[in-house]
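In what follows, a single structure is set out as structure tokens and then discussed.
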Amino acid sequence: MHRVGSSGNTSNSVRTRKEKRLTYVLNDADDTKHCAGINCLALLKSTEQEGSEYLFTGSRDGTLKRWALSEDSATFSATFESHVDWVNDAVLLGGNSLVSCSSDSTVKVWNCLSDGICARTFHQHSDYVTCLAAAEKNSNVFASGGLGGEVFIWDLEASLNPVSKSNDANADDCSTSTNGLGSLPSTSLRPINSSNNISVHATQSQGYVPIAAKGHKESVYALATNDRGTLLVSGGTEKVVRIWDPRTGSKTMKLRGHTDNIRALLLDSTGRYCLSGSSDSMIRLWDLAQQRCIHSYAVHTDSVWALAATPSFSHVYSGGRDLSLYLTDLATRESVLVCSKEHPILQLELHGDGIWVSTTDSSVHRWPAEAHNPLKVFQRGGSFLAGNLSFSRARVSLEGSTPVPVYREPSLTICGTSAIVQHEILNNKRHVLTKDTAGTVKLWEITRGLVTENYGEVSFEKKKEELFEMVNVPTWFTVDTRLGSLSVHLDTPQCFSAEMYSADLGIAGKPEDDKVNLARETLKGLLAHWLTKRRQRFGSLASANGEIPSGKEMSTKTLTLTRIEGDGNSENDSAVYPPFEFLATSPPSIVTEGSQGGPWRKKISDLDGTEDEKDLPWWVLDCVLNNRLPPRENTKCSFYLHPCEGSNVQVLTQGKLSAPRILRIHKVVNYVVEKMLLDKPMDNLNADGTFAPNAPGGQIPHPVVGDGSLRSGLKPWQKLRPSIEILCNNQVLPPDMSLATVRAYIWKKSEDVILNYRIVQGR
């Protein structure tokens with residue numbers, strides 16, 4: 001488990017003064033497929049009443065998906081989207097509840113047969129939640145463990161009861177003290193209605209605290225329980241197997257033997273025998289009655305990350321970092337290589353005579369397993385005797401021979417899409433170049449959330465060089481690919497630092513000199529559906545500018561928003577311009593949080609208009625609803641404008657000028673021409689239309705070069721227009737270059753830019 005920052009804000013961030021972030025996650029291809037490694041599998045077996053079987057997959061892309069299974073196919077059925085980071089484990093309880101845990105430090109309960117409704121969220125853990133365990137014959141008990149060293153035993157019914165009087169499903173912010181234990185916490189209960197709404201809040205009526213199994217001093221990576229839920233085992237970085245009484249949370253014993261992290265655990269139905277897999281490459285069989293290891297199996301050559309036992313607990317399937325899936329007879333020690341993968345194996349799930357295998361790849365495969373008659377696998381040959389030594393000695397015991405896999409191809413595959421593994425933000429700060437695990441290079445336009453070019457399998461570095469532009473735009477967003485897709489992060493006030501002219505964006509119907517704030521328009525595009533739903537829901541309650549009165553008093557911070565500057569250069573409307581329209585066919589997901597309840601994730605097309613300041617950052621609402629932007633860094637660029645050395649052109653100004661950073665050089669040319677033509681009498685002109693050498697230069701009355709500085713409607717005598725060149729560091733500047741680009745690529749100094757002008761020819 002890598003300690004990498006979450007794509008969303010965490011509720012226990014130490015940067016308490018930092019404003020809440022808004023992130024949007026872009027979807028490229030078929031959203032019915034995972035786009036990152038599959039960390040967990042859970043199988044809902046058919047019953048007499050319900051003939052269907054379902055496989056649930058939890059991914060590093062932050063979502064879970066449900067697949068309807070048949071003999072030779074797996075059909076996408078639903079996506080469960082609410083976690084804001086990797087989904088690390090999932091278990092089924094009672095036939096209709098799915099429990100998942102995540103690196104976002106939460107445990108979530110879902111109605112597994114719904115369309116992705118999250119029934120409850122628990123914030124009990126203080127760090128990543130890595131593993132879960134559920135009792136097969138006790139549909140009410142499950143356990144969770146994580147990197148904080150915490151192990152909690154949950155009573156599902158009791159955890160849902162405090163707010164069971166509500167007609168809605170519920171989410172519970174069940175946070176605790178620093179170590180996740182202690183007295184009854186102050187709990188904020190957040191109901192979620194049938195549309196997975198996240199904005200309705202209930203007052204706390206009662207808090208539920210799970211049983212804490214205290215003892216781990218370090219991270220917990222694996223949990224297992226017996227069928228009745230009367231015994232719990234745990235393991236992690238302490239290299240020991242701990243056994244607990246889940247009814248009280250008390251320790252009953254501790255088993256030593258592994259020399260590295262324990263990554264996988266299994267208990268037999270009776271709770272007497274325990275199997276453990278470790279990063280030391282060993283599998284160990286423990287007799288809990290004797291409190292000792294009775295067998296060890298040196299099958300793998302690297303870390304063992306996944307175990308699955310046959311129903312009789314006579315054989316074990318194992319996989320891990322060495323890309324191999326083995327079947328081992330626990331009594332005879334005979335092992336056979338079932339198959340070899342291209343990626344490390346993360347999870348195993350037996351299904352009839354097959355076994356589902358998930359890896360760090362986004363696809364899931366089912367392989368023949370013969371779980372009810374594993375001897376059939378051994379009869380195919382290629383078996384060897386597992387040693388009881390470490391992996392280095394196990395290699396010697398195999399006498400250098402490489403096992404031959406019994407099966408070459410899986411019997412069924414659920415395909416995923418390739419995860420993005422490399423990215424580069426281009427200089428125009430609107431496009432991002434990416435490369436995925438298949439080697440495909442694509443160009444994304446992040447203000448519309450779509451791929452504009454698919455270059456195929458080409459050199460990423462060469463394509464990056466080809467796309468280089470000598471432009472300088474402030475960095476207004478950041479990007480990461482932790483979820484296998486592009487996550488674009490917006491932080492205030494930095495995100496409001498970039499502007500472009502409407503003409504450069506190709507926006508019709510607006511003056512070409514109208515400045516467009518990229519973050520503001522992107523937020524409008526992201527929340528266009530939300531704003532439409534909001535106006536439909538509240539009807540006449542909506543004010544002219546879209547602001548909706550809240551059911552409660554706004555927070556102090558919100559009440560002070562009148563002090564925030566407005567964007568006077570943009571009309572206060574909800575119109576979304578084409579360069580900022582997100583496609584309805586592949587809507588991005590928002591990851592953010594408001595004043596209550598912690599981070600959440602939802603597709604923009606699923607927002608229902610009820611989300612308010614409790615769910616969304618106040619600065620986002622103020623921007624979209626009220627057209628107000630926070631105070632920003634100076635968007636002006638100071639420079640001096642002097643005649644070229646040795647030229648006979650008159651001096652137009654002695655002082656410093658100021659202009660928007662995005663101002664183009666052709667505007668400076670226009671300014672110079674204006675000062676020459678409009679501020680000078682005709683008798684200063686030579687016959688060729690150039691200015692007389694000794695013509696006195698006047699001071700510029702308005703030392704601001706703005707977008708409207710060139711006066712329109714020149715008189716006929718004013719059409720004797722000189723041709724002007726602008727230079728910096730003796731380099732002639734292109735007309736479409738901005739002042740910010742000149743400073744970054746031509747001037748390259750910290751002090752104010754010095755521009756020079758000269759007359760090339762008259763006309």
Side-chain angles (χ1 to χ4, degrees), residues 7-11 13 15 17-26 84 197-199 446-447 449 476-478 487-498 516-535 537-538 542-543 545-550 552 554-567 570 572-577 580-582 587-632:
S7 64
N9 289 53
T10 54
S11 57
S13 172
R15 296 178 296 176
R17 301 184 64 180
K18 187 176 178 64
E19 297 292 352
K20 299 295 194 302
R21 161 183 285 183
L22 184 136
T23 295
Y24 59 101
V25 183
L26 302 182
V84 301
N197 171 34
I198 48 128
S199 67
I446 62 102
T447 56
W476 60 281
F477 65 92
T478 56
S487 295
V488 183
H489 309 296
L490 302 181
D491 293 288
T492 188
Q494 301 93 320
C495 68
F496 295 108
S497 61
V516 175
N517 189 284
L518 298 185
R520 176 183 181 270
E521 300 306 319
T522 299
L523 288 171
K524 283 170 55 180
L526 286 169
L527 295 178
H529 174 82
W530 168 82
L531 188 56
T532 299
K533 289 289 186 180
R534 192 170 181 85
R535 286 173 171 168
R537 179 179 293 270
F538 289 94
S543 60
N545 66 356
E547 187 173 5
I548 307 298
S550 173
K552 296 183 180 180
M554 296 290 282
S555 63
T556 303
K557 181 175 291 184
T558 308
L559 290 173
T560 62
L561 293 179
T562 53
R563 296 179 297 183
I564 307 298
E565 65 179 85
D567 186 357
S570 299
N572 187 6
D573 57 46
S574 58
V576 177
Y577 303 120
F580 304 93
E581 291 178 341
F582 291 85
S589 299
I590 283 182
V591 177
T592 190
E593 62 178 308
S595 60
Q596 298 180 20
W600 53 274
R601 170 174 169 166
K602 205 173 190 181
K603 287 198 180 304
I604 60 172
S605 55
D606 291 336
L607 299 174
D608 63 8
T610 63
E611 298 84 6
D612 56 20
E613 73 277 2
K614 295 182 288 294
D615 310 299
L616 293 162
W618 66 272
W619 58 271
V620 172
L621 293 173
D622 205 46
C623 171
V624 175
L625 293 178
N626 306 326
N627 194 39
R628 286 194 288 251
L629 304 183
R632 292 159 285 166

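By convention here, the first residue in the shown sequence is residue 1.
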Practice item. Assess whether side-chain contact (heavy atoms from CB on, under 4.5 Å) is satisfied between Leu607 and Ile590, documenting all intermediate values. Key: CA-CA 10 Å; Leu607 299 174; Ile590 283 182; 4.2 Å; yes

Point to revise | Sidechain N-carboxylate O distance under 4.0 Å for Arg21, Glu593 | key: no

Exercise for review: Show the numbers, then the answer: is there a salt bridge (Lys or Arg N to Asp or Glu O under 4.0 Å) between Arg534 and Glu611?
Suggested key: CA-CA 9 Å; Arg534 192 170 181 85; Glu611 298 84 6; over 6 Å; no

Check your understanding: Between His529 and Ile604, what is the shortest heavy-atom contact and its length?
Key -> CD2-O, 3.3 Å

Practice item. Look only at the side chain of Lys524 and the backbone of Ala575, and say whether a donor-acceptor pair between them is shorter than 3.5 Å. Key: yes

Practice item. Indicate the atoms forming the closest heavy-atom contact of Asp612 with Lys614, along with that distance. Key: OD2-NZ, 2.8 Å

Exercise for review: Mind checking the SG-CG spacing from Cys495 to Leu22? Nearest 0.5 Å is all I need.
Suggested key: 9.0 Å

Practice item. For the pair His489 and Thr23, evaluate side-chain hydrogen bond (donor to acceptor under 3.5 Å, both in side chains) and give the outcome as yes or no after the intermediate values. Key: CA-CA 4 Å; His489 309 296; Thr23 295; 2.7 Å; yes

Exercise for review: Identify the heavy atoms of Leu523 and Cys623 that sit nearest to each other, and give their distance.
Suggested key: CD1-SG, 4.0 Å

Study note, to complete from the structure: On a heavy-atom basis, the closest approach of Leu526 and Pro588 is CD2-CG, 3.8 Å

Practice item. Could you tell me whether the side chain of Trp600 and the main chain of Asp615 form a donor-acceptor pair under 3.5 Å? Key: yes

**Study point:** Check: Ile446 main-chain N/O paired with Tyr24 side-chain donor or acceptor under 3.5 Å
**Key:** yes

